[in-house]
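Every chain is numbered from 1, with letters handed out A, B, ... down the list of sequences.
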2 protein chains.
Amino acid sequence: MDELPTRDRLVFAAMKLFGEKGYLSTSVQDILREAGANAGSLYHFFPTKQDVLVAVLDMYREGIEPMLLAPAWEGVDDPIERIFALLASYRRALEISDCLYGCPIGSIALELHEPDPPVRELLSVNFHQWVGHVERCLIEAGERLPADLDRRQTAILVLNVMEGGVMQSRTHRTLDAFDASVAGLRDYLDRLEQAASAGRNNAAGGHDG
Amino acid sequence: MDELPTRDRLVFAAMKLFGEKGYLSTSVQDILREAGANAGSLYHFFPTKQDVLVAVLDMYREGIEPMLLAPAWEGVDDPIERIFALLASYRRALEISDCLYGCPIGSIALELHEPDPPVRELLSVNFHQWVGHVERCLIEAGERLPADLDRRQTAILVLNVMEGGVMQSRTHRTLDAFDASVAGLRDYLDRLEQAASAGRNNAAGGHDG
DNA sequence: TCGGCGCTTGAACGTCCATTCAAGCCATGC
DNA sequence: GCATGGCTTGAATGGACGTTCAAGCGCCGA
């Protein structure tokens, strides 16, 4: 029963608590209790509480691929379905936590109104990465989507759907809003696929304006 | 120069500060300083700080029509353009505050992970109202949109676009994400209008499946 | 003129918070 | 066997926080 090193226990404890209660509502004592450590240990590794947050955000950044995308995309090859599989993994988190646990990055982003530069930058990087992965799915969908579709713009919209769905579901304590958000996105992507398909047929028929 | 009554000054001060720095980061002292009042006065009107928040959320609930929608919709009659006019008013708030001030309801909703029932309910009501107004626009758009379109679902998506756009823009400190979100929504609604128009033409031509 | 009352004053209170620190532990290298 | 240095211990510190309260002010009806 080899315990993790103290530093890691602290970061994991903080990650859990920041996600559950938010950054401001989590005290250093909370982290220490959860990690089974003492104040001196924490301050041996981290100058301030904010540096713990930075370490947590760093871990999210590194973990997005192996911890979030890989499990969500297991057995899902279709690039468009991967987007909905990703959204489904957030739905699951909401479901098993009674609509309490959503996206920790989003919570922290809205909780800290004027975050210090290192924190803001890491939040920004995390969003960029997430959007980048969704954008790649949309690019991989190739000509199934309209050729002139701005795929980064659409990826940003997907992040909105997730974050907005989480926000509303947590507030209403029902999954309805999340499901409605995803259904709205599904309708949009369906229509994009139809338009692309129609566009290809027209092109094949030599029709132009 | 008749000052407002103390209770109102307190609520307005709290509204301003909660919007700027969030609920948890705003101290009672901050509110007192901003309102020019003393602790005893605040606690004469409100049992706790949380009751000030309740009063603020109540004021938002009452103010959504006269303070938010009316100015945003001045001179805009088209129901679909009203949706974009509403989004534009949030964009303006982001713009003049250097991407700091977004939607206070959304911030508080994510900041308080387990809000006490009265607070959660008021957040919920505020969201419902907002979605309801957008839904009414979509209903007023009538047959310009597909007959089978779920207009509440679409209204929820519009709220996502706003909240998600605000969240990303505040994090990146650029309006790009907000603009991309709105552009994505515009593309979706354009396609819905096209589909409805095509549907009407088919129906007029007596075409069926 | 006076009493009552809504409201104000601002110091004081206890709690909790992030952070510090002197002391100690223990594995390692000598 | 001993010194070194990374890590731990947990009590202490000072400040900020939400909240309380005894005292006072000033308006108004009697």
Is it true that A:Arg151 and A:Glu135 make a salt bridge, defined as a side-chain N closer than 4.0 Å to a carboxylate O?
no
Salt bridge (charged side-chain N to carboxylate O under 4.0 Å, His left out) between B:Glu163 and B:Arg170, worked out
CA-CA 11 Å; B:Glu163 294 288 2; B:Arg170 272 195 21 196; over 6 Å; no
Identify each atom pair where a protein N or O and an N or O of nucleotides 23-28 of chain D are less than 3.5 Å apart, giving names and distance.
none

If we ignore angles and hydrogens, is there a donor and acceptor under 3.5 Å between the side chains of A:Ser41 and A:Asn38?
no
Going by heavy atoms closer than 4.0 Å, what residues in residues 110-120 of chain A are next to DNA chain D?
none
Give a yes/no on whether any side-chain N or O of B:Thr6 is located under 4.0 angstrom from OP1 or OP2 of C:dC7.
no
Which whole-number value in Å describes the distance from B:His44 NE2 to C:dC7 C1'?
5 Å
Can you find a heavy atom in the side chain of A:Asn160 that is under 4.5 Å from one in the side chain of B:Leu185?
no
Whole angstroms only, please: what is the CG-P distance between B:Leu42 and D:dC21?
16 Å
Atom-pair distance (CZ on B:Phe45; C1' on C:dT8), nearest Å:
9 Å
Between the protein and nucleotides 10-20 of chain C, list every N/O to N/O distance that falls short of 3.5 Å.
{"unit_1": "C:dG10", "atom_1": "O6", "unit_2": "B:Gly40", "atom_2": "N", "d": "2.9"}
{"unit_1": "C:dA18", "atom_1": "OP1", "unit_2": "A:Lys49", "atom_2": "NZ", "d": "3.0"}
{"unit_1": "C:dA18", "atom_1": "OP2", "unit_2": "A:Val28", "atom_2": "N", "d": "2.7"}
{"unit_1": "C:dT19", "atom_1": "OP2", "unit_2": "A:Tyr43", "atom_2": "OH", "d": "2.9"}
{"unit_1": "C:dT19", "atom_1": "OP2", "unit_2": "A:Lys49", "atom_2": "N", "d": "2.7"}
{"unit_1": "C:dT19", "atom_1": "O5'", "unit_2": "A:Tyr43", "atom_2": "OH", "d": "3.4"}

Evaluate the ring planes of A:His172 and B:Phe127, with Trp represented by its six-membered ring, and classify them as parallel (under 30°), tilted (30 to 60°) or perpendicular (over 60°).
perpendicular
Is a salt bridge present between A:Arg152 and B:Asp176, judged by a nitrogen-to-oxygen distance below 4.0 Å?
no
Decide side-chain contact (heavy atoms from CB on, under 4.5 Å) for B:Val158 and B:Trp130; before the verdict, give the C-alpha distance in whole Å, the side-chain angles of both, and the deciding distance to 0.1 Å.
CA-CA 10 Å; B:Val158 173; B:Trp130 201 99; 4.0 Å; yes
Which of B:Leu138, B:Ile139, B:Thr154 passes side-chain contact (heavy atoms from CB on, under 4.5 Å) with B:Leu145? It is B:Leu138
N/O donor-acceptor pair under 3.5 Å between B:Arg61 side chain and B:Leu122 backbone
no
With no hydrogens and no angle check, is any side-chain donor or acceptor of B:Ser169 less than 3.5 Å from a backbone partner on B:Val166?
no
Between A:Arg82 (side chain) and A:Val76 (backbone), is there a donor-acceptor pair under 3.5 Å?
yes
Take atom CZ of A:Arg9 and atom C1' of D:dT8, then tell me their distance rounded to the nearest Å.
11 Å
